[in-house]
Visitor: 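Below: one structure in structure tokens.
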Amino acid sequence: MKHKFFLLLIICFCFALFHANAQQIGIASYYAKTVKSKMANGQRYHKDSMICAHRTHPFGTRLKVTHLKNHKFVIVKVTDRGPFGRGRIVDLSWSAAEKLGMLAAGLAKVKVEVFTGLSDSEIDTHPNDSTDLFIDYENREQYDFPYMPTKKEEKHTPQHGER
């Protein structure tokens, strides 16, 4: 029984190691400028962020996507699942697609590989934009709200029959 477990563990480790170093070549597409829904990791989409959707890489994985026709490349972070179109291997944000020079064509043949050269702070995965404020209400202590009523300041709402 122990031997089967260790064999399975070794196979999984080898698969993960191969998958981490593997590169894919296929078709990339991109998100529209405005997407109304949240991504699979819970964040809202912003067109200027350097993010992508990939079917298998874990959230937070940084990928180097190289346009094979013009040899431009971008570093993006996986924040969503997809694309689910036949032959497509990655869905890029509007900004990433613009930097690759693929907006006019709509699709591009790309090479995708895991990238480990930059830290997360060096990749603009969620740019500052006052019109698209993302607030994590579970961790709201870090936000400065302009007005937070205290219990003394809360207005009394009349109950049924009160004036």
Visitor: Which residue pairs satisfy the ring pair (Phe, Tyr, Trp, His ring centres under 6.0 Å) criterion with at least one member in residues 64-93, sequence neighbours excluded?
Guide: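 Listed by first then second residue: nothing to list.
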Visitor: Which atoms form the tightest heavy-atom contact between Val76 and Ala96, and what is the distance?
Guide: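 Closest approach of Val76 to Ala96: CG1-CB, 3.8 Å.
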Visitor: Dump the intermediate steps for side-chain contact (heavy atoms from CB on, under 4.5 Å) on Lys64 and Val112, then the final yes or no.
Guide: CA-CA 6 Å; Lys64 179 180 177 183; Val112 176; over 6 Å; no
Visitor: Distance from Ile25 atom CD1 to Lys109 atom NZ, nearest 0.5 Å?
Guide: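 One finds 6.5 Å between CD1 of Ile25 and NZ of Lys109.
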Visitor: Nearest 0.5 Å, please: how far is CE in Met39 from SG in Cys52?
Guide: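 Result: 10.5 Å between the selected atoms.
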Visitor: Restricting to non-hydrogen atoms, name the atom on Arg88 and the atom on Pro83 that form the minimum distance, rounded to 0.1 Å.
Guide: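 Of all heavy-atom pairs spanning Arg88 and Pro83, the closest is CB-CG, 3.6 Å.
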Visitor: Which value, rounded to the nearest 0.5 Å, describes the distance between Leu63 atom CG and Phe115 atom CZ?
Guide: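 These two atoms lie 11.0 Å from each other.
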Visitor: Consider only side-chain N and O atoms of Tyr31 and Asp80, and report whether a donor and an acceptor are under 3.5 Å apart.
Guide: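 Tyr31 vs Asp80: donor-acceptor pair found between side chains.
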Visitor: Looking only at heavy atoms, what is the nearest atom pair of Glu113 and Gln23, with distance?
Guide: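 So the minimum-distance heavy-atom pair works out to OE1-OE1, 3.5 Å.
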Visitor: Please determine, by modelled atom types, if Gln24 and His54 share a side-chain donor-acceptor pair under 3.5 angstrom.
Guide: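 Judged by distance alone, the side chains do pair up.
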Visitor: To the nearest 0.5 Å, how far apart are CE in Met102 and CG in Asn70?
Guide: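 If I round to the nearest 0.5 Å, the distance is 10.5 Å.
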Visitor: Under the 3.5 angstrom rule, does the side chain of Arg55 hit a backbone N or O of Ile89 as a donor-acceptor pair?
Guide: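 Such a contact is absent between Arg55 side chain and Ile89 backbone.
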Visitor: Tell me, which pairs form a side-chain hydrogen bond (donor to acceptor under 3.5 Å, both in side chains) where one or both residues lie in residues 90-107, sequence neighbours left out?
Guide: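 Every pair satisfying side-chain hydrogen bond (donor to acceptor under 3.5 Å, both in side chains) with a residue in residues 90-107: Ser29-Asp91.
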Visitor: Closest approach of Ile27 and Val110, non-hydrogen atoms and distance?
Guide: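 Closest heavy-atom pair between Ile27 and Val110: C-CG2, 4.5 Å.
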Visitor: Check whether any side-chain heavy atom of Val114 lies under 4.5 Å from a side-chain heavy atom of Arg62, and answer yes or no.
Guide: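 They are not in side-chain contact.
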Visitor: So if you build clusters from Ile, Leu, Val, Met, Phe, Trp, Tyr with side-chain heavy-atom gaps below 4.5 Å, do Leu103 and Ile51 land together?
Guide: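 Yes, Leu103 and Ile51 fall within the same hydrophobic cluster.
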Visitor: Can you tell me how far apart CE (Met50) and CG (Asp48) are? Round to the nearest 0.5 Å.
Guide: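 Atom-to-atom, Met50:CE and Asp48:CG are 10.0 Å apart.
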